[in-house]
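Here is the structure we will look at.
Naming convention: chains lettered A, B, ... in sequence-line order (proteins, then strands); numbering from 1 in each chain. Keep in mind that the numbers below use all heavy atoms, side chains included, and drop hydrogens, waters and symmetry copies.
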Number of protein chains: 2
Amino acid sequence: MYYLFFQHLNSKVQLTEEEQAQIKTYLTFKKLRKKQYLLQEGDVCKVIAFVEKGALRAFSVDDNSNEHIIQFGLEGWTISDLYSFLTGEPATYNIEALEDSELVIISKSAHEELLQTMPKYETFTRLNITGAYLAMQRRLTSTNSSSVEERYQDFISLYPHIAQRVPQHMIASYLGLTPETLSRIRKRISSK
Amino acid sequence: MYYLFFQHLNSKVQLTEEEQAQIKTYLTFKKLRKKQYLLQEGDVCKVIAFVEKGALRAFSVDDNSNEHIIQFGLEGWTISDLYSFLTGEPATYNIEALEDSELVIISKSAHEELLQTMPKYETFTRLNITGAYLAMQRRLTSTNSSSVEERYQDFISLYPHIAQRVPQHMIASYLGLTPETLSRIRKRISSK
DNA sequence: AAAAAGCATTGATTTGGATCAAGGTTCTTT
DNA sequence: AAAGAACCTTGATCCAAATCAATGCTTTTT
């Protein structure tokens, strides 16, 4: 049930059986049906969720009620509103299951205790956030420097598995485009 | 000479005198004159730099030789091409001093040794990267969700000290605008 | 002190992507 | 199996920001 989570953890910081067992006592498991919400904007985000199975998206809604996807979470990824989680402020993002999903849940108290008592958990956390930072920096650079067409192509080659599982208009939203524009971009590409 | 660096470090993880002395042996100091480069695109980024004094910018150059500022680094901030630093790949960013600057330099070997031997340094690193991640997430959300005018206003109120010290066309670059557009935005705002 | 480089502004024009609108599929739900 | 959502595409029009171009103002350099 926690298979992928521990595989991930072990790939970054080698753990003994005892350490794994100890961490397990801090975790809970949660299933979400498609379209269910893990987090609603305005609520305080109480957990970090590791995706064992399924797919989720984190998105914000602007003044014109347009949705903007800030992150997808597929198997092996972690999803949360980290700012809300860390500060206790109301969340600015919604998190919704795009498929029936299974999540390993780390509560705030579990996270804090693990950080203080298990150096390897802190290392794991550091490596995770570093990876997330680098991914986002790459995304921001590409938003500012590349044409829309390049950005779509880059997305497809970087995340082919997402492109296959997620409706096209959500990829448009992730890239900061309207669905119409993405449709035309794809037409232009395929006619080459 | 390392005053601000240790002030920062201490504010996040309380250190003893001995610990500070120990860390100091890993650090070096570097001065940069205005317009000098700390890093050139294509070279491998060998250091993390903490800004004790002065101001720098990290920027990329796209195919049309337009510059895109990914980050400013003023007093108290850390600046680097983290991806290059961590992987050893050639840097995609340039880092240039915008004013005469003084930097606390952490080399890769120093960083790695400190991470392995000083838990508090790892905590410091984790907190730093978390802060950088959250700042960038906020920026990305605002890029996707807000009008150009709002984004400029947000920038000004979030980083008033940057706005005062940095030429306007660099703020435009940071916001992903041309200098002309920013000039017109400002005119529009001031005429309200 | 003069020359040059860098910077901000303003105007005219172009353009890439948004918006508005409608049609046809394909998936869900009942 | 039928009804209804959700989704993708295509067309017409509009608009915000980019581009091109020129001028004057500062700051740097010599």
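- Both the sub-6.0 Å distance and the 45° axial angle are not jointly satisfied by A:Arg57 relative to the ring of A:Tyr174.
- For the pair B:Ser183 and A:Asn66, nearest-nucleotide mapping onto DNA chain C gives the more 5' position to B:Ser183.
- For B:Lys34 and D:dT27, the NZ to P distance is 10 Å, given to the nearest whole Å.
- Inspection of the A:Ser183 and A:Gln168 side chains reveals no N or O donor paired with an N or O acceptor under 3.5 Å.
- A nucleotide of DNA chain C counts as in contact with chain A when one of its atoms lies under 4.0 Å from a heavy atom; the first and last such, 5' to 3', are C:dG17 to C:dT28.
- OP1 or OP2 of D:dA18 sits under 4.0 Å from a side-chain N or O of B:Thr181.
- In terms of phosphate contacts, A:His169 brings no side-chain nitrogen or oxygen within less than 4.0 Å of OP1 or OP2 of D:dA6.
- Note: A:Phe6 and A:Tyr2 have perpendicular aromatic rings, judged against thresholds of 30 and 60 degrees for the angle between ring planes.
- Side-chain N/O atoms of B:Arg184 and base N/O atoms of D:dT19 include a donor-acceptor pair closer than 3.5 Å.
- With distances taken from any side-chain atom of A:Pro167 to the nucleotides D:dC7, D:dT9, D:dA17, the minimum falls on D:dC7.
- Counting only N and O atoms by type, the side chains of B:Gln137 and A:Tyr83 include no donor and acceptor under 3.5 Å apart.
- Identified under the salt bridge (Lys or Arg N to Asp or Glu O under 4.0 Å) test for residues 7-25 of chain B, with sequence neighbours left out: B:Glu19-B:Lys120.
- Atoms CZ and CD1, on A:Arg138 and B:Ile70 in that order, are 12.0 Å from each other to the nearest 0.5 Å.
- B:Ser84 and B:Tyr93 share no side-chain donor-acceptor pair at under 3.5 Å.
- No salt bridge links B:Asp100 with B:Lys34; every basic N to acidic carboxylate O contact stays at or beyond 4.0 Å.
- The distance from atom CZ of B:Arg188 to atom P of D:dC15 is 14 Å, rounded to the nearest whole Å.
- Of the candidate nucleotides D:dA17, D:dC8, D:dT10, D:dT10 has the atom lying nearest to any side-chain atom of A:Lys187.
- Rounded to an integer number of Å, the gap from CZ of A:Arg186 to P of D:dT10 is 10 Å.
- Positionally, the nearest nucleotide of DNA chain D for B:Leu177 lies more toward the 5' end than for the other of B:Leu177 and B:Lys35.
- The ring-ring contact (aromatic ring centres under 6.0 Å, His included) test with A:Phe50 is passed by exactly one of A:Phe5, A:Tyr3, A:Phe124: A:Phe5.
- Distance A:Ile185 CD1 to D:dT9 P: 12 Å, rounded to the nearest Å.
- The overall bend of the helix from C:dA1-D:dT30 to C:dA22-D:dT9, read as the angle between its terminal helix axes built from five base pairs each, is 50° when rounded to 10 degrees.
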